[in-house]
There are 2 protein chains.
Amino acid sequence: MSVEFAQIQMEPAYRKVAAVIGARIRSRELREGARLPAETELARQFGVNRSTVREALRELESRGLLERRPGSKLMTVSRPRQASVAAGISDALLLHDVTARDVWEALMILEPPIAVAAARARTGADLEQIGAAAGALAAAADTVQAVQRTAQVLRCIGAATHNPVLRLAQEPLLLLLEPSLRVMIDKVPQARTRILNAQQHLLETLTRQDEAAAQTWMTRHIRDFKKGYELAGIDLAVHLAPRGVD
Amino acid sequence: MSVEFAQIQMEPAYRKVAAVIGARIRSRELREGARLPAETELARQFGVNRSTVREALRELESRGLLERRPGSKLMTVSRPRQASVAAGISDALLLHDVTARDVWEALMILEPPIAVAAARARTGADLEQIGAAAGALAAAADTVQAVQRTAQVLRCIGAATHNPVLRLAQEPLLLLLEPSLRVMIDKVPQARTRILNAQQHLLETLTRQDEAAAQTWMTRHIRDFKKGYELAGIDLAVHLAPRGVD
DNA sequence: ATTGCCGGTTTGTCCGACAATCATACGATC
DNA sequence: GATCGTATGATTGTCGGACAAACCGGCAAT
């Protein structure tokens, strides 16, 4: 006959303050670009100390709901930049011991349909961007550049879907892809030309809006990554290593 | 002849402190569950004030890299819980004006391959969990419960893939799905039986490890959502509304 | 139009302080 | 011996006040 009590949790004030301001931002009551009141003013309104307000602001800032325009000390409301969200996601995945296989499997699932959607929804401006990224890749000087620009082409294709969900789902995968891709390209000489070739074909299929061909080439493209890993002797079951400090 | 200078950016101390501690966590030098030194001690080591340390801690805490065990005031290192990361993602998506169509399209891309992967990788324990979730759904009392449990079944299927990337990609979609699904189930009486039926078939195909059938049923399942939206008169192009405060 | 200067505002950081809670060890009680 | 109460020290949450540096806006001078 044990009596059960619900767990009572005290929320610290800084968390409540963050929750209140965060809710206002999410509800669009505070719109993007709007200036937040000064810290002293917020402290007065909430009836807490400025230090407490500051802790709340740090929380919102790290979630991307607040941002400081460069060179300015004003805090303004912002929508989270996809880059910062994606960085958080890849951090989480790294700490959860994802393997290269996990990432590759997810890319294999995600990228071909993204190519199809991009073929359907791409605009002329999208094609220009993809073309520019592909051109930059062809002119890449070193391995690091080649890897970054390979990811950039995929990123542009994701943008061409005009679906923010797909773009955000794709981004952390690209971040996680880079380190292992760097090793692979270094060890497999033919990888670069294969990548270049596949992406050229992709650009062309997107231009023609040939959805089936886009899917085929993207599938081939991603599958090549795995082949490259095997040729390079990279164990797909190995946990990915964290990338360098920001 | 304009001379160009690189933008010089001053990083505040609290950000540097957060970056240093964060790097230690990401590099596994600080392992999960490890206790962080006390704030005064950290302040001494970094040569900054305790207030500054606290701001850094708030940043790490909100990214899920630090956590306070319930009922304890010790800060311990932790890996970000998928739930909190996913909440951040869906916040970001909401503020980026995703539409119901965007979410549905992403589900349509993601879920069928997830079902295939689950059929391949599921264990007996996974089946039990999915079965339990499906049973709970069948016994759901009200709409809110029905929606939550519908999502829960999909969540369990995602877990059965044993791929953390897929699970984390799926989670924000389920969070975004709930509000609109609630409206839909309320307005379309036959929706519940269709959902139940599809998920029963899914469970069975997963048990048989019939990958093709799993894909078929999941595709049908997700497609039903869209049909339900149309029957309920929900505009797929409408921006999703934020869910309630935490 | 550009530059220099000035006062008011805001942020980053610091110092010191205190109550409430937690961790832990040490007895006291049954 | 197990449970309970208590004392002690460590740690966190919150507070108040302080100050330098940087920013903002305006005005005067060139």
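Chain A is the first sequence line, chain B the second, and so forth, proteins listed ahead of strands; every chain is numbered from 1.
When the P atom of D/dG16 is taken as reference, atom CZ of A/R44 falls 14 Å away, rounded to whole Å. The separation between B/R35 atom CZ and D/dA10 atom P is 13 Å, rounded to whole Å. Computed from coordinates, the B/R68 CZ to C/dC22 C1' distance equals 12 Å when rounded to whole Å. Whole-Å rounding puts the A/E59 CD to D/dG13 P distance at 12 Å. Per the geometry, CZ belonging to A/R54 stands 17 Å off P belonging to D/dG13, to the nearest Å. As rounded to whole Å, 12 Å separates atom P of C/dT11 from atom CD of B/E55. For the pair A/E39 CD and C/dT11 C1', the interatomic distance rounds to 6 Å; values are reported in whole Å.
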Please list, for nucleotides 14-16 of chain C, all pairs of protein and nucleotide N/O atoms separated by less than 3.5 Å.
from	atom 1	to	atom 2	distance (Å)
C/dC14	OP2	B/N49	N	2.7
C/dC14	OP2	B/T52	OG1	2.8
C/dC15	OP2	B/N49	ND2	3.3

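B/R155 is linked by a side-chain contact (heavy atoms from CB on, under 4.5 Å) to B/A151, B/Q152, B/E171, B/L174, B/E178, counting only residues two or more places apart in sequence or in another chain.
In summary, B/R26 and A/D91 engage in a salt bridge, as defined by a charged side-chain N under 4.0 Å from a carboxylate O. B/R167 and A/D102 are not joined by a salt bridge, as no carboxylate oxygen comes within less than 4.0 angstrom of a charged side-chain nitrogen.
Checking C/dT13, D/dG13, C/dT10 against every side-chain atom of A/Y14, the shortest atom distance belongs to D/dG13.
Judged as a side-chain hydrogen bond (donor to acceptor under 3.5 Å, both in side chains), the pairs with a partner in residues 138-148 of chain B (not counting sequence neighbours) are, in order, B/T143-B/D186.
Under 3.5 Å, the side chains of A/S62 and B/S62 contain a donor-acceptor pair of N or O atoms. Using a 3.5 Å distance cut-off with no hydrogens or angles, the side chains of B/H162 and B/D126 do pair a donor with an acceptor.
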